[in-house]
Amino acid sequence: MSFRQGSSLSASRPFLDRHDIAAGEDWEARLGGLIAQSDTVVFVVSPESVKSERCVWEVERTLGLSKRLLPVNPQAGGGTPTSRRN
């Protein structure tokens with residue numbers, strides 16, 4: 001079951017930035033607005049994401065707004081991720 005499928009079982013409404021932001025849209029404004037509306041931001045940790053300026057911006061924006069950050073490492077092979085609040 002994917003995250004999106006599993007979250008449909010709850011009252012939450014997930015946004016997936018590669019599907020919910022239109023091509024050509026001001027991604028920073030759109031993503032910033034989505035983060036501001038969110039209670040929790042799930043951040044998929046990968047070698048690429050931790051080096052990405054855009055992903056770093058997303059994490060900084062999340063923490064700057066005192067939102068819960070839930071890092072998920074799909075390579076870790078299980079375990080419960082620890083959420084973080086600024």
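When a residue number appears, it is its place in the shown sequence, counting from 1. Small disclaimer: the values here were computed from a predicted structure and weren't measured.
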Fill in the blank from the handout: Sorted by chain and number, sequence neighbours left out, side-chain hydrogen bond (donor to acceptor under 3.5 Å, both in side chains) with Glu53 holds for none

Handout entry: Side chain to side chain, Leu70 and Val41, heavy atoms closer than 4.5 Å
Key = no

Fill in the blank from the handout: Here the pair of heavy atoms bringing Cys55 nearest to Phe43 is CB-CE1, 3.6 Å

Problem - Non-hydrogen atoms of Pro47 and Val50 that approach each other most closely - result: O-CG2, 3.4 Å

Problem - Donor-acceptor contact below 3.5 Å, side chain Thr62 vs main chain Glu58 - result: yes

Problem - Partners meeting side chain to side chain contact (heavy atoms under 4.5 Å, CB included) with Glu60 (sequence neighbours left out) - result: Val56

Exercise for the section: Heavy atoms only: give me the nearest Ser49-Val44 pair and the separation to one decimal. Expected result: OG-O, 2.9 Å

Problem - side-chain contact (heavy atoms from CB on, under 4.5 Å) between Val72 and Val45, worked out - result: CA-CA 6 Å; Val72 176; Val45 179; over 6 Å; no

Fill in the blank from the handout: Output for pair (Ile35 CD1, Thr40 OG1), nearest 0.5 Å, gives 12.0 Å

